[in-house]
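Down below is the structure, laid out as structure tokens.
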Amino acid sequence: MIRIDKLLKSTLVLLSLMASFFAHSANKLDGVRIWAAPESTRIVFDLSKTPDYTYFNLTGPYRLVVDLKGTSTAFNLSKLANNSKLVKKVRISKPPSKGTLRLVIDLVKPVKASLFALPPTSPYGNRLVVDLDDSGSSSASKQSQPSQSKQQLRDVIVAIDAGHGGDDPGSIGPTGIYEKTVVLQIAKKVEAKINATPGMRAVMTRTGDYFVNLNKRSEIARNSKADLLVSIHADAFTSPQPRGASVWVLSMRRANSEIGRWLEHKEKHSELLGGAGEIIQNTDNEQYLAMTLLDMSMDRSMAISHNIADDVLSHLGKVTKLHKHKPESASFGVLKSPDIPSILVETGFISNHKEERLLSQRDHQNNIAKAVQKGVLRYFESNPPVNSLMASKGSIKHSVRKGESLSVIAHKYQVTVSSIKKANNLKSNNIRIGQKLAIPRA
């Protein structure tokens, strides 16, 4: 009996040790990806399970050490692609205890680091995200601001936002084309056409394949003193049938269509893909959003956004099929800046075989970009900002829209009906849709 008891105890100890061993090796590091932006770098560790981690900084030389408890890996870090200006390399170091995987990120300089875990979101599984920020030392957005001391009259500034990027591919077409790739190509073409327009200048929220947090996109536009934010995307839906371009403006309520509700859901999905570090860690975001919604300037921005959306749609309809002929509304985070008029251009349905093919063609991309530029230009020619080069070119031109009367137009520009009639030699108050009116200076 004593011998059997000893045998049972030995067996239990062995099983306990085996359980402990397997528990320590329960998680696996399957891959590492580095996404470099001009002022930051994101490192993503792909894991089989939710990470249990700690981290600390070291100096002389600068390093960020990350300990992953109960984790093992067979991944070869020496073959890791790295285009970052902040990271020298990522390597494995001697662990502090058995079952812990110690990763060391060798840094070029001291940077601000934030770490957070993300749950599985197709096509990715569990992730540990490391964001390295160097924006405190230099700012591209500040460098991009126009020099007011050199010229009194300024350009109209258009911030162009290529959706998704980096860890967030956006929608994926039937043949595997990523939305993030297509929209960056189109956005760069819009940028070139805006910059070639006298009196206008473009600022990009991202210029390469990296993810920019939604709050950061608005911040780049604001720091550049943008008059407009244009976010470029490619639509997708659960079935391949829908097709056509559309333009979206902010809705304070739910989306006004089934596809709008799908897109709202997709944006939340994208925020998880790209990483929601600032939202997870910043407890003031709820308060900031409340203040944003209460800001009275939102009303003006939304009205301007709707007018610009109309102009862009009218030009898009000349070069591609439209999904909707009127601006649609949905609650998109990138459009929620209260002080900057913002529109979101869905260039077509990448989930549709024909449009996926079109969206990857240079000529079609050029046509889309030209239509966006023409629509934006049309609005700002009619409504040039004060102290802009466009405003100095003479009287404002207004194209009459459906439902507008002379009194409505006069109220919009803060002038009298009689002054508009005098400037246009009108004998009566009758006007027609599409008629061009010269608006006198107030």
Side-chain angles (χ1 to χ4, degrees), residues 31-46 53 55-59 61-66 77 80-91 103-118 124 127-145 159-170 180-181 183-184 187-188 191 203-224 226 229 231 270-282 284-285 288 333-334 337:
V32 182
R33 286 166 286 129
I34 296 179
W35 304 99
E39 299 174 359
S40 62
T41 292
R42 168 164 289 178
I43 304 173
V44 182
F45 297 104
D46 292 308
Y53 67 95
Y55 66 96
F56 56 92
N57 291 288
L58 292 174
T59 58
Y62 298 109
R63 286 155 290 164
L64 176 66
V65 180
V66 181
L77 286 168
L80 178 63
N82 177 19
N83 62 344
S84 171
K85 295 178 181 178
L86 304 178
V87 176
K88 290 180 181 178
K89 64 179 178 180
V90 181
R91 57 186 171 86
L103 298 164
V104 179
I105 302 169
D106 291 318
L107 301 169
V108 175
K109 59 171 77 172
V111 293
K112 178 184 176 183
S114 61
L115 286 76
F116 54 94
L118 289 175
Y124 300 116
R127 288 153 291 159
L128 175 64
V129 177
V130 179
D131 276 344
L132 306 172
D133 185 11
D134 187 40
S135 60
S137 60
S138 63
S139 175
S141 58
K142 290 179 183 177
Q143 293 170 5
S144 66
Q145 290 184 29
I160 301 167
D161 171 56
H164 310 283
D167 217 35
D168 175 12
K180 68 173 183 177
T181 304
V183 299
L184 181 60
K188 285 183 174 180
E191 177 195 25
V203 174
M204 296 282 284
T205 62
R206 73 174 177 98
T207 56
D209 187 13
Y210 50 87
F211 183 80
V212 180
N213 187 279
L214 297 181
N215 291 338
K216 183 70 174 177
R217 295 174 197 244
S218 295
E219 183 184 324
I220 292 170
R222 185 174 297 107
N223 289 341
S224 302
L229 172 69
S231 191
S270 290
E271 185 65 20
L272 282 175
L273 277 171
E278 289 181 29
I279 293 173
I280 291 171
Q281 296 186 29
N282 186 359
D284 293 332
N285 268 288
Y288 171 80
V334 76
S337 180

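The figures that follow rest on heavy atoms only: side chains count, while hydrogens, waters and symmetry mates do not. Quick caveat, the model's predicted, so the values are computed rather than measured.
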### Message
Set out, in order, the CA-CA distance, both residues' side-chain angles and the distance that settles side chain to side chain contact (heavy atoms under 4.5 Å, CB included) for Val66 and Leu128, then state yes or no.
### Response
CA-CA 10 Å; Val66 181; Leu128 175 64; 3.9 Å; yes
Answer yes when [X] and [Y] have at least one side-chain N-carboxylate O distance shorter than 4.0 Å, and no when they do not.
X      : Y      : result
Asp161 : Arg217 : yes
Asp168 : Lys180 : no
Glu219 : Lys216 : yes

Look only at the side chain of [X] and the backbone of [Y], and say whether a donor-acceptor pair between them is shorter than 3.5 Å.
X      : Y      : value
Asn57  : Val65  : no
Arg63  : Pro61  : yes
Arg206 : Gly166 : no
Asp133 : Val111 : no

Would you name the heavy atoms of [X] and [Y] that are closest together and state the gap between them?
X      : Y      : result
Leu64  : Ala113 : CD2-CB, 4.0 Å
Lys88  : Asn82  : O-ND2, 3.2 Å
Asp131 : Phe116 : OD2-CE2, 3.6 Å
Pro38  : Thr207 : CG-OG1, 4.5 Å
Leu115 : Tyr53  : O-OH, 3.5 Å
Ile34  : Ser84  : CG2-CB, 4.2 Å

### Query
Excluding sequence neighbours, so at least two apart, what forms side-chain contact (heavy atoms from CB on, under 4.5 Å) with Lys85?
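Result, side-chain contact (heavy atoms from CB on, under 4.5 Å) vs Lys85: none returned.
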Which value, rounded to the nearest 0.5 Å, describes the distance between [X] atom [atom1] and [Y] atom [atom2]?
X      : Y      : atom1 : atom2 : result
Tyr62  : Leu107 : OH    : CG    : 10.0 Å
Leu77  : Lys89  : CG    : NZ    : 10.5 Å
Glu39  : Ile220 : CD    : CD1   : 7.5 Å
Tyr210 : Thr41  : OH    : OG1   : 11.0 Å
Leu132 : Ile43  : CG    : CD1   : 5.0 Å
Leu86  : Ile105 : CG    : CD1   : 11.0 Å

### Task
Please say which of Val44, Leu103, Leu80 ends up in a side chain to side chain contact (heavy atoms under 4.5 Å, CB included) with Val32.
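By the side chain to side chain contact (heavy atoms under 4.5 Å, CB included) criterion, Val32 pairs with just one of Val44, Leu103, Leu80: Leu80.
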